[in-house]
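So you know, we letter chains A, B, ... as the sequences are listed, proteins then strands, and number each from 1.
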There are 2 protein chains.
Amino acid sequence: MHEEMRRAFTMLAGKWKLEIMWLLNQRTHRFGELRKQIPGITQHMLTSQLRELEADGLVVRTVFAEVPPRVEYEMTDKARGLGPTMQALTAWWEQYGHTLPPRPSARGRKPSGPAAPRETGS
Amino acid sequence: MHEEMRRAFTMLAGKWKLEIMWLLNQRTHRFGELRKQIPGITQHMLTSQLRELEADGLVVRTVFAEVPPRVEYEMTDKARGLGPTMQALTAWWEQYGHTLPPRPSARGRKPSGPAAPRETGS
DNA sequence: ACGGATAGTATGGAAGATGTGACTAATGGG
DNA sequence: CCCATTAGTCACATCTTCCATACTATCCGT
């Protein structure tokens with residue numbers, strides 16, 4: 001049932017989590033790489049999102065005792081099971097992405113909806 | 001490369017969008033059905049998330065001229081291409097979901113304190 | 001000793017996303 | 001007349017995220 005799934009949705013519903021997981025699904029990244037790959041994200045947000053993913057058991061954080069410091073983020077085995085999901089998402093976008101409307105995510109919308117089709121004939 | 005994908009992430013990054021799309025991927029729902037299926041969501045949020053999905057060309061909104069009103073939400077053909085993604089996500093959760101740590105994400109859906117009741121204007 | 005590099009933590013005000021109850025519209029039943 | 005129903009809308013409250021800045025810690029080069 002989808003009540004079980006709710007946990008999964010919550011884990012991935014963050015504003016940046018899908019993108020982070022998508023990148024980590026390709027390869028291990030270090031902190032600074034993720035920050036460059038995701039323009040617009042701040043250190044603060046990247047840190048907190050990664051911590052949440054780590055707490056959810058999706059990401060492993062490895063600190064190397066080097067100077068300058070190096071921290072790598074890697075998917076766990078569990079999260080690697082998301083590979084097919086990511087591939088399916090990528091394939092979907094390749095197929096349909098370019099057919100979507102230009103930039104409609106703005107809050108404004110058209111004043112009136114389509115004419116109501118009278119279905120049940122009342 | 002993945003800059004193209006960013007559009008897809010944005011479209012699905014809303015707090016409730018994955019869950020809504022997962023439900024609509026199964027079948028057409030009317031407004032009230034979605035509201036019951038997604039405990040915790042408010043009318044306001046359900047409306048706005050659906051409007052965004054509609055604006056992104058992922059769902060179709062059909063208003064039936066009946067009383068009481070009936071509005072049905074259905075996936076577009078484009079969004080139906082997400083089927084494999086949803087299936088992969090479901091399969092992943094069935095396989096790994098129960099192995100995840102008890103620690104829920106900090107951003108989890110928890111009820112907030114009682115909002116200060118506003119003075120009903122006289 | 002100082003600054004550069006990396007990966008953070010901490011703070012604070014602003015912007016944006018989300019949450020809440022109250023309210024509307026049309027119609028049938030009591 | 002009043003209530004129930006359904007799918008919203010509205011004004012406002014609160015939570016999350018943004019963004020800049022400041023600070024920590026280590027080692028190397030100067």
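Spacing between atom CG of L46(B) and atom C1' of dG8(D) amounts to 10 Å, rounded to whole angstrom units. Summarising the geometry, the separation between CZ on F64(B) and C1' on dA7(D) is reported as 14 Å, rounded to the nearest angstrom. For the pair Q49(B) CD and dA7(D) C1', the computed distance is 17 Å after rounding to whole Å. K17(B) places its NZ atom 13 Å from the C1' atom of dT18(C), with the value rounded to the nearest Å. Remark: P of dA20(D) and CD1 of I41(A) are 15 Å apart, rounded to the nearest angstrom. Rounded to whole angstrom, the span from the CD atom of E66(B) across to the P atom of dA7(D) amounts to 10 Å.
Annotation: side chain of L82(A) is in contact with side chain of L89(B) (closest heavy-atom distance under 4.5 Å). The side-chain heavy atoms of T90(A) and W22(A), taken from C-beta on, include a pair separated by under 4.5 Å.
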Could you run through nucleotides 4-9 of chain C and give me one letter per nucleotide, 5' to 3': B if any protein heavy atom sits under 4.0 Å from the base, S if only the sugar-phosphate is that close, - if neither? --BSBB
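Taking A79(A) as the reference, M21(A), L58(A), M75(A), T76(A) meet the side chain to side chain contact (heavy atoms under 4.5 Å, CB included) condition, with sequence neighbours excluded. Legend: residues meeting salt bridge (charged side-chain N to carboxylate O under 4.0 Å, His left out) with E94(B), ordered by chain and number and at least two apart, are absent. With sequence neighbours excluded, no residue satisfies salt bridge (charged side-chain N to carboxylate O under 4.0 Å, His left out) with R61(A). The side-chain hydrogen bond (donor to acceptor under 3.5 Å, both in side chains) check on E33(B) picks up R27(B), with sequence neighbours excluded. Qualifying side-chain hydrogen bond (donor to acceptor under 3.5 Å, both in side chains) partners for Q26(B), counting only residues two or more places apart in sequence or in other chains: none. In this structure, Q95(B) has no side-chain hydrogen bond (donor to acceptor under 3.5 Å, both in side chains) partners at least two apart in sequence or on a different chain. The salt bridge (charged side-chain N to carboxylate O under 4.0 Å, His left out) test applied to R6(B) returns E19(A), not counting sequence neighbours.
The phosphate of dC18(D) has OP1 or OP2 within less than 4.0 Å of a side-chain N or O from K15(A). For the OP1/OP2 pair of dG19(C) and a distance below 4.0 Å, the side-chain nitrogens and oxygens of W16(B) include at least one atom meeting the criterion.
Computed from C1' positions of five pairs at each end, the angle between the two local axes of the helix from dA1(C)-dT30(D) to dG30(C)-dC1(D) equals 30°, rounded to 10 degrees.
At the heavy-atom level, M45(B) lies under 4.0 Å from base atoms of the strands shown.
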